[in-house]
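The next block holds one structure in the form of structure tokens; read it before the comments.
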Amino acid sequence: MREMTAAAARRSALWAQGFADAKPAGVPTRRHVRSVLDRLRLFQIDSVSVAARAHYVPLFSRIGAYDRGLLDSAAWSHSARTPRLLAEYWAHEAAFIPIEDWPLFRWRMHRYRHGRWAGEARVLDRNPTLAADVLDVIRGVGPCSARDVEKHLEVDRPDRKGPWWDRSDTKVVCEQLFASGALAVDKRVAFTRHYDLTERVIPEKILAQAFSEEESIRRLVGRSARALGVATESDLRDYYRLSPAQSKPAVDDLVEDGVLESVTVRGWDTPAFVHRDVRTPRRVEAAALLCPFDPLVFCRPRTERIFDFRYRLEIYTPAHKRVHGYYVFPFLLDGALVARVDLKADRPRKTLEVRSAFAETGARPAQVVEPLLSELRRMAEWLGLEHVMVDKRGDLAQLLAVAAKRPREV
């Protein structure tokens with residue numbers, strides 16, 4: 001069995017995720033969106049918008065400042081000239097996936113035919129005609145939010161609790177129909193899903209494709225292996241939230257067919273697998289801010305194993321107990337995660353606020369500050385902000401604040 005060094009495994013993972021590629025020299029185009037999508041196979045969606053929505057940032061991290069309308073168009077627009085590239089479904093979590101991968105999740109749709117949670121089935125028990133009523137409304141009027149459907153059904157909700165916690169029966173049923181594959185997401189408006197009949201969102205030739213659960217899992221594990229570069233079985237499983245009973249036979253099958261190679265990685269206590277198309281570059285020269293839901297870091301045990309970087313999301317931690325901050329971006333520099341910054345886009349003040357900045361153990365702050373500041377300024381410009389302001393918290397904050405106050409070179 002081939003042995004890899006930990007450094008080689010790390011470079012392979014970065015190559016697979018697109019960080020060994022040069023960023024486009026000109027303005028990124030739809031072709032660049034497709035190229036990143038082909039590598040990652042998913043963009044995770046999350047509701048937090050304190051800096052930027054999670055699904056937009058992985059593209060920025062890999063191709064630089066791009067028009068976010070490119071991603072919106074890829075997800076929500078369809079024409080003969082520019083066909084829809086993305087569909088929304090439960091992949092790692094809620095995610096955009098290549099539209100051609102939609103049939104690979106039919107097994108999951110079958111499992112979710114009564115909803116993702118037990119409580120959803122109880123809603124249908126007490127409202128036995130509601131699912132059919134929802135489908136009738138959407139069939140007749142076209143893409144609708146759950147609230148739009150309610151208006152058409154003239155549903156009254158006197159106990160409304162607010163937009164985040166408001167799980168009306170109609171919303172629950174819309175989500176159940178989406179999870180089961182009867183509805184798809186036509187678009188989002190102000191982050192709210194607008195549902196349509198699946199056959200009006202997914203092209204007929206894709207909708208007609210059928211794979212067994214076994215074949216679907218095999219293909220998904222192959223995609224996760226190609227996206228991760230070097231991965232343990234649990235890493236491969238996590239990418240699409242599979243079970244061990246699903247992923248282990250698929251891994252064995254892919255090894256037998258030569259798609260995956262079993263390897264050992266020095267310092268790892270678990271066997272690993274390398275996809276046959278993955279390359280190991282001699283070096284990786286990249287600088288990138290990574291959002292908490294970037295596929296390079298969203299599997300926290302893997303992030304710690306590969307980068308020796310312990311990373312936890314502290315959104316739900318009380319403010320006084322947070323170690324690094326509310327919405328922390330790891331900073332990738334030349335093959336290592338060397339710092340982390342807690343970011344907030346203060347749009348009224350046109351400022352990207354760095355609420356904390358920490359250097360990782362072993363990193364040289366003086367060598368980190370300038371490339372980090374450069375990426376922060378690129379992000380600010382991409383988000384339509386004019387300034388970068390650094391607060392005092394963190395061992396890297398003072399150096400970064402001083403650098404940020406210096407006049408920019410023209």
Side-chain angles (χ1 to χ4, degrees), residues 5-25 36 39-40 51-52 57-65 228-230 267 279-300 302-312 323-325 327-343 352 354-383 388 390 393-404 406 408-409:
T5 65
R10 184 166 56 251
R11 294 196 303 274
S12 298
L14 289 166
W15 180 90
Q17 286 278 305
F19 288 106
D21 299 341
K23 291 180 180 178
V36 175
R39 283 182 177 270
L40 304 187
V57 184
L59 274 167
F60 168 75
S61 301
R62 290 158 178 80
I63 65 175
L228 293 173
V230 180
R279 302 290 177 265
T280 305
R282 292 184 178 181
R283 63 179 62 84
V284 175
E285 297 178 353
L289 290 161
L290 308 172
C291 81
F293 304 104
D294 191 289
L296 184 66
V297 296
F298 63 29
C299 180
R300 310 306 190 209
R302 173 179 169 82
T303 303
E304 191 162 353
R305 186 188 323 116
I306 291 183
F307 295 102
D308 192 25
F309 187 91
R310 190 176 188 277
Y311 186 35
R312 299 293 183 271
V323 177
H324 297 107
Y327 202 69
V328 173
F329 284 62
F331 179 54
L332 173 71
L333 182 63
D334 297 342
L337 297 178
V338 298
R340 60 185 90 199
V341 287
D342 182 22
L343 300 182
L352 181 63
V354 184
R355 299 192 289 184
S356 71
F358 293 87
E360 290 301 294
T361 302
R364 298 180 180 179
Q367 296 179 354
V368 170
V369 163
E370 289 302 331
L372 173 56
L373 179 60
S374 179
E375 288 305 304
L376 289 167
R377 284 172 168 164
R378 286 192 184 98
M379 176 174 277
E381 184 176 358
W382 173 59
L383 295 175
V388 174
V390 183
R393 187 162 180 261
D395 59 5
L396 194 59
Q398 184 174 356
L399 279 176
L400 190 61
V402 170
R406 288 199 294 265
R408 296 181 66 172
E409 295 183 4

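None of the values given here were measured: they were computed from a predicted structure.
- The local environment of CG in D21 is crowded, with over 12 non-hydrogen atoms from other residues, nucleotides or ligands closer than 6.0 Å.
- For the ring pair (Phe, Tyr, Trp, His ring centres under 6.0 Å) test, residues two or more places apart in sequence or in another chain that qualify with F329 are Y327.
- To the nearest 0.5 Å, the span separating CZ on R377 from CG on L372 amounts to 10.5 Å.
- For the pair R302/F307, no side-chain contact is recorded, criterion being any heavy-atom separation below 4.5 Å from C-beta on.
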Intermediate values then yes/no, side-chain contact (heavy atoms from CB on, under 4.5 Å), D334 and V284: CA-CA 5 Å; D334 297 342; V284 175; over 6 Å; no
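- Rounding to the nearest 0.5 angstrom, the gap separating the CG atom in L337 from the CG atom in L296 is 6.5 Å.
- With contacts defined as side-chain heavy-atom distances shorter than 4.5 Å, the pair V323/R312 does not qualify.
- Across all their heavy atoms, A397 and V390 have their closest contact at O-CG1, 3.6 Å.
- Proximity of R393 to D342: side-chain heavy atoms (C-beta onward) are nowhere separated by under 4.5 Å.
- Of all heavy-atom pairs spanning M379 and L343, the tightest one is SD-CD1, 3.7 Å.
- Here the side chain of R11 pairs a donor or acceptor atom with the backbone of P281 at under 3.5 angstrom.
- A donor-acceptor distance shorter than 3.5 angstrom exists from the side chain of S61 to the backbone of L289, with no hydrogens or angles considered.
- When side chains are defined from C-beta on, R39 counts as touching W15, because their heavy atoms get closer than 4.5 Å.
- Between L290 atom CG and F19 atom CZ the span is 5.0 Å, to the nearest 0.5 Å.
- Scanning both residues, A359 and D395, for their nearest heavy atoms gives N-OD1, 2.9 Å.
- Remark: the backbone N or O of F309 is not paired with any side-chain donor or acceptor of T303 at under 3.5 angstrom.
- Listed here is the closest heavy atom pair of G335 and L14: CA-CD1, 3.5 Å.
- Minimum heavy-atom separation, L400 to L373: CD1-CB, 4.0 Å.
- Listed here is the closest heavy atom pair of L228 and P295: CD2-O, 4.5 Å.
- The salt bridge (charged side-chain N to carboxylate O under 4.0 Å, His left out) contacts involving residues 280-294 comprise R62-D294, where partners must be two or more places apart or lie in separate chains.
- Interatomic distance, CZ of R340 versus CD of E360, reported as 4.0 Å (0.5 Å rounding).
- Within the 4.5 Å cutoff, the side chain of P292 has heavy atoms near those of the Y311 side chain.
- The distance from the CD atom of E370 to the CZ atom of R406 is 5.0 Å, given to the nearest 0.5 Å.
- Between the side chain of R378 and the backbone N or O of G64 there is no donor-acceptor pair closer than 3.5 Å.
- For the atom pair CZ of F60 and CD of E375, the computed distance is 6.0 Å after rounding to the nearest 0.5 Å.
- By the neighbour-count criterion of 12 heavy atoms within 6.0 Å, atom CD of E304 is densely surrounded, having more than that number from other residues, nucleotides or ligands.
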